> 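Here it is, the structure, as structure tokens.
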Amino acid sequence: MHTPDLFADERPDAGLREPLGAQAVVLRAYALPMLPGLWHTLQQLTAASPFRIMQTAGGRHMSAALSSCGSLGWVSDTFGYRYAARDPHTGQPWPAMPQELLQLGRQAAAEAGFAAFTPDTCLINRYLPGARMGLHQDRHERDFRQPIVSVSLGLPAVFQFGGLTRDAAVQRVPLFHGDVVVWGGVDRMRFHGVLPVKPGQHPLLGAQRINLTLRQAG
Ligand code: MD6
Ligand code: FE
């Protein structure tokens, strides 16, 4: 039998900073004060540009469903990965980046030592139980001096934070509702991924995990 409240007893204290590298850190529960407003905002964004399962360049289907907001959005199809100004699903520009997301991105980046971060896109990934994200690098952004800010909401998941090569040792970090991870500088190109999300019910989000990644892509 699975444990629906996986990790419930292990949740680190709010406000803790856990370094994952010289320029990578977990900010525990950093986004928690913005909820449930942030959840309401996300529901509006994904009503305008719905979650969709994308195909990889290799023709496989990703297990997490994706949407975006901001002046650019991340798209993937059999032509490969790229940023695009329009949502291919609606034919419309992606929904504008809400001010609260922009502020969250800037503040978390500053907290982690990255001033002058101005995200122009936020990828919104939905993981239903069983969904995962294989080890990868985020490398389609123009300026690798800018960090990645990743916000976890809903069900917990185990984040894998590896090295600069695919075969380097991997740290496994449980991430909980409201946790924010920032990686940049010397850690910007580290491989990372998410182990399959375990079944469960989150009081606010239900049976899903949502991950937001704020980036300066253009
Ligand atoms: C996470 N997400 O879900 C980490 N990367 O905790 C990612 O690394 C990620 O969700 C690229 C695109 C979407 C993502
Ligand atoms: Fe990533």
Side-chain angles (χ1 to χ4, degrees), residues 6-7 18 20-21 24-31 38 42 45-46 49 51-57 60-70 72-77 80-84 87 94 101 104-105 108-109 112 119-142 144 146-164 166 168 170-184 187-198 202 205 208-217:
L6 180 78
F7 307 131
E18 296 176 22
L20 299 180
V25 66
V26 185
L27 306 172
R28 292 294 183 187
Y30 189 80
L38 179 58
L42 288 174
L45 290 170
T46 54
S49 268
F51 285 116
R52 80 293 308 265
I53 299 281
M54 289 192 182
Q55 267 186 292
T56 64
R60 297 168 61 123
H61 291 273
M62 299 178 63
S63 66
L66 184 68
S67 186
S68 289
C69 67
L72 292 170
W74 194 81
V75 300
S76 165
D77 55 27
Y81 308 115
R82 63 198 174 278
Y83 284 97
D87 176 351
W94 298 97
L101 268 182
L104 172 61
D120 56 11
T121 182
C122 180
L123 278 67
I124 308 169
N125 270 63
R126 183 188 65 193
Y127 298 73
L128 299 179
R132 58 186 284 280
M133 179 84 58
L135 275 184
H136 65 277
Q137 291 170 302
D138 291 352
R139 56 186 166 82
H140 298 98
E141 300 71 32
R142 187 160 295 165
F144 295 149
Q146 295 296 339
I148 301 285
V149 174
S150 164
V151 182
S152 292
L153 300 173
L155 290 179
V158 175
F159 182 60
Q160 294 184 292
F161 198 63
L164 295 174
R166 186 174 288 282
V170 169
Q171 302 177 67
R172 291 197 168 82
V173 188
L175 294 180
F176 302 87
H177 183 63
D179 288 349
V180 176
V181 187
V182 183
W183 64 96
D187 294 318
R188 176 63 176 73
M189 301 313 288
R190 284 175 69 168
F191 279 84
H192 57 279
V194 180
L195 294 180
V197 171
K198 300 254 166 77
H202 185 269
L205 273 74
Q208 62 183 336
R209 170 176 188 262
I210 304 272
N211 178 262
L212 311 176
T213 57
L214 290 142
R215 299 124 185 261
Q216 197 169 313

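Both ligands and their constituent atoms are indexed starting at 1 by order of listing. This structure is a prediction, so every number in the text was calculated from the model and none was measured.
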> Quick test of your reading of the structure: of Y127, F159, W74, whose heavy atom lies closest to atom 3 (O) of ligand 1?
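The nearest heavy atom belongs to Y127.
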> Assess whether atom CZ of R142 is packed by more than 12 heavy atoms of other residues, nucleotides or ligands within 6.0 Å.
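Not more than 12 within 6.0 Å, no.
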> Tell me the contacting part of D138 for ligand 1: side chain, backbone, both, or neither, using a 4.0 Å heavy-atom threshold, strictly below.
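Side chain only.
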> Let me confirm one number: the CG-CG distance from L155 to L205, rounded to the nearest 0.5 Å.
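Rounded to the nearest 0.5 Å, the CG-CG separation comes to 8.0 Å.
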> Can you tell me, to 10 degrees, how wide the angle at the Fe ion (ligand 2) is between OD1 on D138 and NE2 on H192?
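Output for this angle: 90°, rounded to tens.
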> Numbering the atoms of ligand 1 from 1, which are under 4.0 Å from a heavy atom of R215?
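Answer, ordered by atom number: 5 (N), 11 (C), 12 (C).
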> Taking 4.0 angstrom as the limit and counting only heavy atoms of M133, give me the atoms of ligand 1 inside it, by number and element.
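Per the distance check, 10 (O), 13 (C), 14 (C).
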> My understanding is that we take every heavy atom of each candidate and find the minimum distance to atom 4 (C) of ligand 1. Doing that for V194, L135, N125, which one comes out nearest?
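The residue whose heavy atom sits nearest atom 4 (C) of ligand 1 is V194.
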> Just checking, any donor-acceptor pair under 3.5 angstrom between side chains of S150 and N211?
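Present: a donor and an acceptor within the cut-off.
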> What residue and atom, counting heavy atoms only, is the protein's closest point to atom 5 (N) of ligand 1, and at what distance?
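It is H136 NE2, 3.0 Å.
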> For a 4.5 angstrom cut-off between non-hydrogen side-chain atoms, does R82 reach D77?
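Yes. Closest side-chain heavy atoms under 4.5 Å.
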> Nearest 0.5 Å please: distance from the CE atom of M189 over to the CD atom of Q137.
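The CE atom of M189 sits 4.5 Å away from the CD atom of Q137.
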> How close does the nearest protein non-hydrogen atom get to atom 6 (O) of ligand 1, and which residue and atom is it?
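Ranked first by proximity to atom 6 (O) of ligand 1 is R209 NH2, 2.8 Å.
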> Is the cationic atom of R188 (NZ for Lys, CZ for Arg) positioned less than 6.0 Å from the six-membered ring centroid of F144 and within 45 degrees of its normal?
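No cation-pi geometry.
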> For atom 10 (O) of ligand 1, which of the options I210, L66, N211 provides the nearest non-hydrogen atom?
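Looking at heavy atoms only, the winner is N211.
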> Go through the structure and list residues passing salt bridge (Lys or Arg N to Asp or Glu O under 4.0 Å) with R190, not counting sequence neighbours.
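Scan of R190 (salt bridge (Lys or Arg N to Asp or Glu O under 4.0 Å), adjacent residues dropped) gives D187.
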